[in-house]
S.K.: 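Sharing a structure, written as structure tokens. Questions coming.
Here is the naming used below: chain letters follow the sequence lines, and residue numbers restart at 1 for every chain. As the structure is a computational prediction, the values presented were derived from the model and not from experiment.
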Protein chains: 2
Amino acid sequence: MNGQRAVRITDVAREAGVSTATVSRVLNGLGSVDPELAARVRRAAEVTRYVPNPNGRALRRQRADVWAAIVSDVQNPFFTSLVTAVEHVAVRSGISVMLCNTDEQLDRERSYLTTAVAQRMAGVVVSVTSEATSDLSALLAAQVPTVVVDRRVHDFTGDTILLDNVEAGRLATEHLLELGHRDIMCLAGPSGVSTTEDRLQGVRQALTGAGLTLDPARMVRTDLKIDDAEAAVRAALADPRNHPDAIFAMNGPLTTGAYRGVQASGLRMPDEISLVGVDDDRWTQMVSPAVTLVAQPVEEMGTRAAERLVALAADPASEPVHLLLPPHLLVRGTTSAA
Amino acid sequence: MNGQRAVRITDVAREAGVSTATVSRVLNGLGSVDPELAARVRRAAEVTRYVPNPNGRALRRQRADVWAAIVSDVQNPFFTSLVTAVEHVAVRSGISVMLCNTDEQLDRERSYLTTAVAQRMAGVVVSVTSEATSDLSALLAAQVPTVVVDRRVHDFTGDTILLDNVEAGRLATEHLLELGHRDIMCLAGPSGVSTTEDRLQGVRQALTGAGLTLDPARMVRTDLKIDDAEAAVRAALADPRNHPDAIFAMNGPLTTGAYRGVQASGLRMPDEISLVGVDDDRWTQMVSPAVTLVAQPVEEMGTRAAERLVALAADPASEPVHLLLPPHLLVRGTTSAA
DNA sequence: CCGATGCCGGTAATCGATTACGCACAATCT
DNA sequence: AGATTGTGCGTAATCGATTACCGGCATCGG
């Protein structure tokens, strides 16, 4: 009932009959301490069930054993997989991960970045809300180890681990072109998000290679929400005499929405319309037809990012890494010849 | 390049020509301060771009503006929805949420609980790994506001917000019985998890009501993993002359696994076999046939839990709340008459 | 045998905020 | 007028850990 006061380092010191400095040295493995004393300290810590206060420690050390994982949508399996991968590495390093969900909102992102700096976090993995307006300079100024993943950021010179998004767009489009499709609808995100921008560029390259151009009327911007995508696809397929013969949905939620939109339209995949999605989520293999899509190596992205944070902690001056991971086209059931 | 030292409260005090005590009082709205001085302090905080150091603050206050959301599987949409709902409330209260993913492992849960106490967190929302062995007494002892959600815990007297799981099991089973099914396979979790235990109890009640009992051979324990469930269902359906005529999968991942298992078996739903799942995840409406399932009010669970944390912060002595939320049966395409 | 060198471990400063306490001065009461 | 009450603000203690610095002791070389 009555909240017993927590055990402090002083209590351990008293129990072991040494000073707090010695306790700290033993428990952190710094300096050198007589083995017999060290044993006594360790026993005392056991007995008293001592747990260091992270706030006191972080205050003094000017570094908290916490990483922030800042993502724009925790409901998107891509990001939960990413965070899970980061977390696996974190656990091994005795670090906690703070999940920061921005919901694609710049002000929430800003607030999390401020917190990360204020807390003197040991690292940040961030997929930004916008290439142009997101601003990571505070992290750099405060020398917080930072790895940008998934989406590019303007003016950021640190570590970045991205998918080769141009290649992803090209893979998807070339696949559709090879099947003979010419009228391809593209579902993209808002113009500030580098992933869909780059994928669009890949689309354009592929079209150009085939002597075609992207019809602006077939390019739809959405807020990366499932329902947006569904509505857009329903609208595009409403006119039976003038609808695209293929759709490229450029991320996970858009793929979900597009699939539902096609289902709602009554058109049959792949005979009457083809669909290429992105992200190999579980459901894409359970539906019928299964979704043809471009898969990203998510786990690798998360693991690499986390490992870079570990490396940056060891050597803050280490040369920034810029990785471009390869996408893979998985041909399944939603695409066929025109 | 050179990490400029962060702005401290002392800097604001100097800028405003007052003491740090006054700055603190103004910024926290405590005590009374001359309005003109207060204005000067606020301006100084603006100018210097002061951000309070949460570590210093937490150390002194013995309370950090952080909640822990401890769940067993971040990949499970049920939990991400839950966390999202919690987070919405947290943001409104100026609180950060630390995502703690236990992966169903007791030792990871223990470590997160220890961290929560050590950090003097402002609250914990937890779905435990096991009813019998999970131990939240440290939270009580340290008087950390705690709300248990989703799964029951032995010996915990604080706030709990659960689904009426017995009812959930009964709803599913009665639906199958009404359709004439008699040989029902149950996919449950490990025996320590109260959700599937309670749902099983509901199953038994419904069976008893119909003069039947649960065949132990038809009750399968899994680790709540998709692949486990898929394998179990494949095995159960392997013998064409002796397979159940209905399956009840007792949580989200098990439902996914069961669906895949049935697909792999080649049996047609709902004609040859019926399936009732749990959790109204997006994919359940996209597959064909769509999944008949018991839906939980996840958002409400998360929101209520978070609101209780807010209430407990205001009045730690407030009477514990014990909520039992109602499940809803959604009849879709995977069930039909035997 | 004496001074130099190192090793151990204790004392106290420090991180950045909050807050108990008390002083100075003004307002009110007798 | 003198005593009392109250208001506003600053000084300094405090939260719990880490670590710079220093003193004491043992060891070693000359």
S.K.: Give me, pair by pair, the N or O atoms of the protein and of nucleotides 8-14 of chain D that are less than 3.5 Å apart, along with how far apart they are.
M.R.:
residue, atom, partner, partner atom, Å
dG8(D), OP2, S32(B), OG, 2.1
dC9(D), OP2, D34(B), N, 2.7
dG10(D), OP2, S19(B), N, 3.1
dG10(D), OP2, S19(B), OG, 2.9
dG10(D), OP2, T22(B), OG1, 2.4
dG10(D), N7, R25(B), NH2, 2.9
dG10(D), O6, R25(B), NH1, 3.3
dT14(D), O2, R60(B), NH1, 2.8

S.K.: Taking CD from Q62(A) and P from dA17(D), how many angstroms apart are they, rounded to a whole number?
M.R.: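 Whole-Å distance recorded here is 17 Å.
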S.K.: Verify, without hydrogens or angle tests, whether N53(A) (side chain) and N55(A) (backbone) share a donor-acceptor contact under 3.5 angstrom.
M.R.: yes
S.K.: Please confirm whether the backbone N or O of S127(A) pairs with a side-chain atom of R151(A), one donor and one acceptor, at under 3.5 Å?
M.R.: no
S.K.: Figure out the CG/C1' separation between L59(A) and dG16(D), and round it to whole Å.
M.R.: 9 Å
S.K.: Less than 4.5 Å apart, any side-chain heavy atom of L106(B) and any of R110(B)?
M.R.: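 Yes, their side chains come closer than 4.5 Å.
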S.K.: Atom CD of Q119(B) to atom P of dG16(D): distance rounded to whole Å?
M.R.: 14 Å
S.K.: Using a cut-off of less than 4.0 Å, is there contact between a side-chain N or O of R120(A) and OP1 or OP2 of dG16(C)?
M.R.: yes
S.K.: Who are the side chain to side chain donor-acceptor pair (under 3.5 Å) partners of T129(B), not counting sequence neighbours?
M.R.: E109(B), S134(B)
S.K.: Which whole-number value in Å describes the distance from R57(A) CZ to dT19(D) P?
M.R.: 10 Å
S.K.: Nearest whole angstrom, please: distance from the C1' of dG16(C) to the CG of N28(B).
M.R.: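 Rounded to the whole Å, the gap is 13 Å.
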S.K.: How long is the gap from CD on E131(B) to CZ on F156(B), to the nearest 0.5 Å?
M.R.: 13.0 Å
S.K.: I'd like a table of atom pairs between the protein and nucleotides 26-28 of chain D - only N or O on both sides, under 3.5 Å - with the distance next to each one.
M.R.:
none

S.K.: Roughly, in whole Å, what's the span from CZ in R8(B) to P in dG16(C)?
M.R.: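 Roughly 5 Å, once rounded to whole Å.
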S.K.: Report the nucleotide, chosen from dT18(D), dT19(C), dC15(D), that has the shortest atom-to-atom distance to any side-chain atom of L30(B).
M.R.: dT19(C)
S.K.: Starting at atom CG of L27(A), determine the distance to atom P of dT19(D), rounded to an integer number of angstrom.
M.R.: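 For the pair L27(A) CG and dT19(D) P, the rounded distance is 13 Å.
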S.K.: Can you name the nearest heavy-atom pair linking V149(A) to A305(A), along with the distance?
M.R.: CG1-CB, 3.6 Å
S.K.: So what does N55(A) hit on the nucleic acid, given a heavy-atom distance under 4.0 Å: a base, only sugar-phosphate, or nothing?
M.R.: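 Nothing: the residue N55(A), judged by heavy atoms under 4.0 Å, touches no strand.
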S.K.: When you measure from every atom of DNA chain D, which of residues 38-54 of chain A have a heavy atom less than 4.0 Å away?
M.R.: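 Listed by number, they are Y50(A), V51(A), P52(A), N53(A).
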S.K.: Quick check against the 3.5 Å criterion: does R108(B) have a side-chain atom that pairs as donor or acceptor with the backbone of N101(B)?
M.R.: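 Such a contact is found between R108(B) side chain and N101(B) backbone.
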S.K.: Taking the side chain as every heavy atom from C-beta outward, state whether F78(B) and D73(B) have any atom pair closer than 4.5 Å.
M.R.: no
S.K.: Are any non-hydrogen side-chain atoms of H88(B) and T303(B) less than 4.5 angstrom apart?
M.R.: no
S.K.: Do you know which two heavy atoms are closest between V33(B) and A38(B), and how far apart they sit?
M.R.: CG1-N, 4.0 Å
S.K.: Is it the case that the side chain of D159(B) and the backbone of V321(B) share a donor-acceptor pair, with hydrogens and angles ignored and the cut-off at 3.5 Å?
M.R.: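 Indeed, once roles are kept as given, a pair shorter than 3.5 Å links the two residues.
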S.K.: Just list the side-chain donor-acceptor pairs under 3.5 Å for residues 9-17 of chain A, sequence neighbours left out, or say none.
M.R.:
residue, atom, partner, partner atom, Å
D11(A), OD1, R14(A), NH2, 3.3
D11(A), OD2, R8(A), N, 2.7

S.K.: Could you give the angle between the helix axes at the two ends of the helix from dC1(C)-dG30(D) to dT30(C)-dA1(D), with five pairs per end, rounded to 10 degrees?
M.R.: 50°
S.K.: Is there a side-chain contact between V74(A) and F79(B) in this structure, where contact means two heavy atoms from C-beta onward sitting under 4.5 Å apart?
M.R.: no
S.K.: Whole angstrom is fine here: how far is it from CZ in R14(B) over to P in dA17(C)?
M.R.: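 In whole Å, dA17(C) P and R14(B) CZ are 13 Å from each other.
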S.K.: With sugar-phosphate meaning primed atoms plus P, OP1 and OP2, does R63(A) contact a base, only sugar-phosphate, or nothing at under 4.0 Å between heavy atoms?
M.R.: nothing
S.K.: Is it true that a side-chain atom of S111(B) and a backbone atom of D107(B) form a donor plus acceptor pair closer than 3.5 Å?
M.R.: no
